[in-house]
Each structure stands twice: as structure tokens, then as C-alpha cells.
Amino acid sequence: MKTFRYERPTDPAAAIALVAGDSGARYLGGGTNLVDLMKLGVETPELLVDVSRLPFGEVEETGGGGLRIGAAVRNSRLATHMLVRERYPALSQALLSGASAQLRNAATIGGNLLQRTRCLYFQDVSKPCNKRRPGSGCPAREGVHRDLAVLGASEHCIATSTSDLAVALAALDATVHLAGPAGTRSLPLTDLHRLPGDAPERDTVLRHGELITAVELPPPPRSARSAYRKVRDRASYAFALASVAAVLNVRDGAVHEVRLAFGGLAAKPWRANGAEEALQGRPATEDSFAAAVRTELTACRPLRDNGYKVALAERLAVAVLAQLAELD
Amino acid sequence: MGTTTAVTMEINAESCALDLDNRTTLLDALREHLGLTGTKKGCDHGQCGACTVLVDGLRMNSCLLLAVALDGAQVTTVEGLSSDAVLHPVQQAFIDHDAFQCGYCTPGQICSAVGAITEAASGWPSAATAQERPVGSVALTEAEIRERMSGNLCRCGAYVNIVSAVAEAAEAAREAGR
Ligand SMILES: Cc1cc2nc3c(=O)[nH]c(=O)nc-3n(C[C@H](O)[C@H](O)[C@H](O)COP(=O)(O)OP(=O)(O)OC[C@H]3O[C@@H](n4cnc5c(N)ncnc54)[C@H](O)[C@@H]3O)c2cc1C
Ligand code: SF4
Ligand code: FES
Ligand code: FES
């Protein structure tokens with residue numbers, strides 16, 4: 001690992017100034033992804049600015065009945081928070097399905113959202129990779145890509161984002177609050193991560209020096225239920241092959257309100273707007289769920305070894321929606 | 001501004017002041033600087049749990065924590081679990097249940113089990129917990145233990161006995177807390 005300087009300012013403005021003024025500076029949350037990547041030589045920061053003790057460690061109710069989650073809140077604290085368990089079960093379930101108890105105790109919400117892809121070539125500095133070294137090529141396309149994207153990929157990169165948290169937040173209509181050298185701004189969570197296009201080195205729309213300060217959830221839709229389900233190679237402690245977060249409200253046997261997001265399929269949490277529109281007002285049956293999800297997944301472009309994800313995602317989404325509609 | 005930092009931590013109830021290269025992980029600080037070699041290095045990448053210790057009472061992978069970031073923290077390693085000659089109930093349960101073979105994963109398993117028992121007693125759910133209304137504490141069934149201990153791999157495959165050791169220690173802790 002390369003040597004680096006370490007700073008732990010107590011004031012957010014000082015943290016932002018330190019990172020904004022130094023292209024080799026990075027924020028440090030729990031370090032469970034960044035330190036790993038530094039050991040691998042993928043990240044080589046000259047300065048780490050520790051933001052894990054900034055005053056962003058609270059989960060608070062907002063005036064409107066929603067929830068404001070500080071970026072430094074640890075994953076396990078949020079997953080086990082009473083209000084989250086009662087009002088946003090999909091969020092608690094997504095967090096609890098991620099990593100291990102040890103990692104969840106250390107990982108922060110901000111760091112979780114900005115964790116980098118687990119593509120094997122990205123993590124191996126002896127290999128080409130457009131995301132790590134722009135223009136060097138993408139060996140995953142012809143090589144090992146069983147875990148990689150079937151939606152929204154480009155010829156330059158087929159990496160997936162791996163945050164379970166982000167998938168639940170996408171379905172829950174979360175907003176991300178940012179602070180940077182030019183002031184503050186807020187984005188829908190679904191606009192935070194970007195598809196690779198011809199710039200796969202940029203995972204998100206964040207500018208250098210921008211800090212995630214909080215994530216905000218609107219109040220849960222009345223009488224809607226939510227759930228998160230994840231399929232992986234082993235029962236626990238593995239990244240998603242595919243995952244689904246859904247919010248569903250059924251009235252008189254018809255879909256009154258639905259929100260659906262997929263994980264493990266693309267470089268960002270995939271909010272299934274097409275399926276949601278197709279389901280609006282339709283009977284809450286497995287047949288209409290399957291038809292709507294299939295419409296969404298026609299956009300899939302599987303490669304040699306990841307085609308199984310399309311059928312898996314369809315069945316998973318139908319199962320989660322059926323569970324929320326209490327069809328079985 | 002240099003690349004070393006003065007760090008003070010309370011390790012196994014003793015205050016330790018160290019001058020550390022910023023790159024030093026908590027795991028390396030324990031093993032290389034403090035001679036606390038009970039905590040093991042398996043993968044060094046957060047994938048095996050051999051390096052598990054308790055930081056401010058919560059179990060974490062010491063291989064991914066930078067020691068500089070832990071200034072002021074309280075750390076408990078496997079060496080700090082027993083008092084005088086009396087083993088911690090989880091340590092004793094591992095012996096009674098023959099819950100290891102080579103023993104390499106064991107310190108991490110034990111620290112992780114101590115954390116898991118506290119978490120369940122505080123009512124923290126896991127992915128194996130039914131999603132009904134939150135309860136005061138979660139009973140550690142076999143399914144719960146397997147899920148909650150999934151961050152600790154055992155190359156020797158001593159899992160069956162690890163599960164029964166953790167179940168017994170959890171039950172004893174429940175009895176004692178009653
Ligand atoms: C073995 C293993 C298995 C895992 N399995 C899963 C899994 O199944 N599901 C899953 O979702 N995750 C999984 N993870 C990833 C884990 O969730 C992340 O490592 C963790 O959430 C990152 O949080 P952190 O606080 O440690 O981030 P850090 O490592 O500190 O930071 C990550 C990135 O975010 C930046 N950053 C941190 N905080 C902020 C902020 N407030 N504002 C702006 N930038 C910031 C950092 O500069 C860095 O680039 C796994 C990790 C490991 C090692
Ligand atoms: S898929 Fe993306 S991250 Fe993986 S090798 Fe290709 S360019 Fe790199
Ligand atoms: S050595 Fe830390 S998890 Fe393997
Ligand atoms: S006892 Fe040998 S690795 Fe677990």
C-alpha cells in the first residue's frame with residue numbers, strides 16, 4: 001500500500017475543503033471497501049479525510065413523517081432501527097442481506113452507496129479494465145462475466161453495482177443530500193449512480209469533493225407493504241446475482257401503487273419504471289406481475305454466461321410481488 | 001504533515017499509546033506492535049472473519065480497519081475475554097463442544113459469537129429473523145446462529161460443533177440475564 005496522510009476534521013466544511021483542494025484526497029467512512037482497494041493497489045490516495053465521526057450519525061424523523069438518515073450511520077444501526085423495521089421493511093431486509101455482521105457494524109451508509117464494483121478485473125491491477133484505467137479495454141466481456149450486467153451496460157464496461165442498500169432506497173424513492181465546495185444539492189437516489197456509457201470510470205454523478213451528508217426517505221405510502229429479496233451463490237455473505245426491492249399497495253384486487261427495483265443486473269439500481277406503468281390498475285395476479293416484469297426485462301442484453309439472470313430476475317420479482325399481495 | 005500518527009486505544013482494558021504508520025490496520029497493530037497474536041490474519045480482505053475483534057463492543061474485521069481511525073476506541077481481542085484463569089463462557093463452550101480442529105479460525109469465531117449473542121439479546125434482527133413486530137430479544141435458533149455467524153469461515157468445517165457451542169453459550173447468557 002502507498003503511504004498517505006490522514007486527517008479527521010470535526011467540521012464538515014473543513015472536510016470538504018481538504019478533499020476539494022487535493023485531487024489525491026478521498027473521504028474515509030468505515031474503510032471496508034476503500035482500505036480493501038488500497039491493499040489491492042486499485043485506490044492510491046495521498047490523503048484520507050475521515051468523515052466517520054462528522055455529525056451525520058443520527059436517524060431522525062422528518063416533519064412530514066419520513067426519515068432522515070445521516071451518512072455516517074453504521075449499516076447495522078440502520079437495519080435494526082425500530083422505525084426502519086416498522087415502516088421500511090425492505091430497507092432493513094436489504095441491509096441485513098448485505099455482507100456480514102462484522103462488516104455491517106463497520107460500514108457507513110455513505111460508504112455503502114459508493115462501494116465500487118466487485119468485477120474481478122477491476123480488482124486486479126495486472127489486468128486491463130476501462131473502469132480502473134480508461135481506454136485499456138474490458139476483458140470481462142470475453143472473460144469472467146457470470147456476475148456482471150445484463151441491463152444498461154456498454155461496450156466499454158459491463159460491471160454491476162453491488163450495494164443492496166441502494167436497491168431498497170431506489171424502490172423507496174429516497175433522496176440523497178450532498179455538500180460540496182460549491183454548496184449543497186439533493187438528488188433522487190436513482191440519479192446518483194450512472195450507467196457506464198463511454199465513461200465507465202465514473203460510477204456516480206458526484207463531483208470531486210462532494211460529500212454525502214444524508215439520505216432522506218419520504219413517508220411510506222399508506223397501507224403499502226415493502227420487501228427485499230436477494231439470490232446469491234450461497235445462503236449468506238455473498239453479493240447478489242439478482243435482487244428485488246418492491247413496494248406494493250393492492251386495493252380491491254387491483255394494483256393501486258407499485259414500485260419495483262432490481263439489483264445485480266446493472267451498474268446502478270434498476271428502477272423498473274416500465275413494469276410499474278404496465279401494472280398500474282391491473283389485477284394483482286401472478287400473470288399480470290409476470291407480464292409486466294417481462295416487458296421491463298426485454299431490454300436485457302445477456303452475454304455468454306449471464307443469461308440465467310434474466311429468468312432469475314423475472315421469477316424473483318414475481319415472487320416478491322406475489323408475497324406482498326399475499327397471493328399464497 | 002506526515003504519514004504517521006499518534007494513536008491511543010484502550011485494548012483489553014489497558015491504555016495503549018502507539019505511533020503508527022497510517023497504513024497500519026488494527027490487525028497489524030495488535031499482532032505486530034502489541035504482540036497480541038491471538039487475533040488471526042486469514043484473507044486480509046474482509047472475507048473470512050479470522051481477524052474479528054470487538055470495537056466499542058461491536059464485532060468488526062480488524063483487517064479492514066485503519067488503526068489511526070480508531071483513536072479513543074475500546075478494543076477487546078480474544079486475549080481480553082477471560083479474566084484471571086477463568087475462561088469466557090463462549091471460550092468454555094467451544095472447548096466443551098469440540099468446536100474447532102486446527103483452531104486458526106477460532107479466536108475470530110469466539111469474538112464473533114460474543115458479539116452475536118449481545119446483538120441478539122439487544123433485539124437486533126438478522127436475515128433469518130421473522131419480520132413480525134420487533135421483540136425485546138431474539139432467541140438464537142440454529143438458523144439464526146448460522147446466519148449471524150456467516151461472516152466467519154472455517155476451513156476445517158467445524159461448523160456443526162460451532163453452532164452447538166454458540167447455542168449453549170447463548171442459552172447460558174439468557175439464563176444469567178433472566
Ligand atoms: C467480503 C465482503 C462482502 C460484502 N458483501 C456485500 C453485500 O453482499 N452487499 C453489499 O451491499 N455490500 C457488500 N459489501 C460491501 C460493503 O457493504 C461496503 O464495503 C461498505 O458498505 C462500505 O462502507 P464503508 O463506510 O466502509 O465505506 P468506505 O470503504 O469507507 O468508503 C467507500 C467509498 O465511499 C467514499 N465515501 C465514504 N463515505 C462518504 C461520504 N459520506 N461522502 C462521500 N464519499 C464517501 C469513500 O471515499 C470510498 O470511495 C461486502 C464487502 C466485503 C469486504
Ligand atoms: S466490466 Fe467494467 S470493471 Fe469489469 S473489466 Fe470491464 S471495464 Fe473493468
Ligand atoms: S483476515 Fe480479516 S476477514 Fe479475513
Ligand atoms: S478450526 Fe480450522 S479453520 Fe476453523
Side-chain angles (χ1 to χ4, degrees), chain A residues 1-8 28-40 45-48 50-53 74 76-77 79-86 89-90 92-107 123 225-230 234-238, chain B residues 1-5 7 20-26 43-49 51-72 108 111-112 115-116 119 122-129 131-134 138 143 146-153:
Chain A
M1 198 191 291
K2 274 183 45 182
T3 56
F4 56 87
R5 290 170 289 125
Y6 171 87
E7 291 280 339
R8 191 172 56 239
L28 175 71
T32 60
N33 188 224
L34 185 53
V35 173
D36 196 3
L37 292 173
M38 286 162 63
K39 289 184 183 191
L40 294 167
E46 281 153 20
L47 169 66
L48 288 187
D50 190 341
V51 294
S52 68
R53 299 194 210 180
R74 306 288 167 160
S76 54
R77 294 278 178 206
T80 58
H81 195 281
M82 284 298 175
L83 289 176
V84 174
R85 294 173 66 188
E86 285 175 9
S92 175
Q93 290 162 12
L95 285 163
L96 292 174
S97 77
S100 66
Q102 288 95 316
L103 289 159
R104 295 191 293 269
N105 281 338
Q123 297 188 311
R225 307 172 67 216
S226 76
Y228 184 78
R229 228 172 119 181
K230 168 176 176 182
R234 56 185 184 196
S236 183
Y237 199 18
Chain B
M1 216 171 15
T3 55
T4 60
T5 306
V7 183
L20 293 175
D21 185 309
N22 292 340
R23 292 173 291 185
T24 315
T25 59
L26 174 60
C43 64
D44 214 20
H45 289 283
Q47 299 174 356
C48 75
C51 65
T52 303
V53 299
L54 299 164
V55 178
D56 294 329
L58 293 175
R59 50 183 168 152
M60 296 186 191
N61 307 87
S62 60
C63 69
L64 292 184
L65 299 173
L66 291 176
V68 279
L70 296 176
D71 192 45
C111 287
S112 186
E119 289 164 11
S122 318
W124 284 19
S126 79
T129 311
Q131 285 292 317
E132 67 246 2
R133 271 190 73 78
V138 182
R146 287 184 180 277
E147 166 59 28
R148 287 169 192 265
M149 294 292 293
S150 72
N152 293 84
L153 306 191

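Chain identifiers are assigned alphabetically (A, B, ...) following the order of the sequence lines, protein sequences preceding nucleic acid strands; residue numbering begins at 1 within each chain. Worth saying up front: this structure is predicted, and the values here are computed from it rather than measured.
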Show, in sequence, the C-alpha distance, side-chain angles and deciding distance for B:Ser150 and A:Ser236, and conclude whether the side chain to side chain donor-acceptor pair (under 3.5 Å) test is met.
CA-CA 6 Å; B:Ser150 72; A:Ser236 183; 2.7 Å; yes

So B:His45 and A:Leu40, side chain to side chain contact (heavy atoms under 4.5 Å, CB included) or not? Walk me through it.
CA-CA 9 Å; B:His45 289 283; A:Leu40 294 167; 3.7 Å; yes

Out of curiosity, [X] [atom1] to [Y] [atom2], how far, rounded to the nearest 0.5 Å?
X        : Y       : atom1 : atom2 : result
A:Gln102 : B:Leu64 : CD    : CG    : 11.0 Å
A:Thr32  : B:Met60 : OG1   : CE    : 10.5 Å
B:Asn22  : A:Glu7  : CG    : CD    : 9.5 Å
B:Thr129 : A:Arg85 : OG1   : CZ    : 7.0 Å

Between the side chain of A:Arg53 and the main-chain N/O of B:Ala69, is any donor-acceptor distance below 3.5 Å?
yes

Given heavy-atom pairs under 4.5 angstrom as the criterion, report whether the side chain, backbone, both or neither of [X] touches chain A.
X       : value
B:Cys63 : both
B:Thr52 : side chain
B:Arg59 : both
B:Leu70 : backbone

Residue, of B:Leu58, B:Thr5, B:Thr4, that accumulates the most heavy atom pairs under 4.5 Å with chain A:
B:Leu58

Evaluation steps, side chain to side chain contact (heavy atoms under 4.5 Å, CB included), between A:Arg77 and B:Trp124:
CA-CA 9 Å; A:Arg77 294 278 178 206; B:Trp124 284 19; 3.6 Å; yes

Side chain, backbone, both or neither: which part of [X] has a non-hydrogen atom closer than 4.5 Å to chain B?
X        : value
A:Lys230 : neither
A:Asp50  : side chain
A:Leu48  : side chain

Could you check whether any side-chain heavy atom of [X] comes within less than 4.5 Å of a side-chain heavy atom of [Y], counting everything from C-beta outward?
X       : Y        : answer
A:Phe4  : B:Leu66  : yes
A:Arg8  : B:Val68  : no
A:Thr80 : B:Glu119 : no

What option among A:Leu34, A:Asp36, A:Leu28, A:Leu103 has the most heavy-atom pairs under 4.5 Å with chain B?
A:Asp36

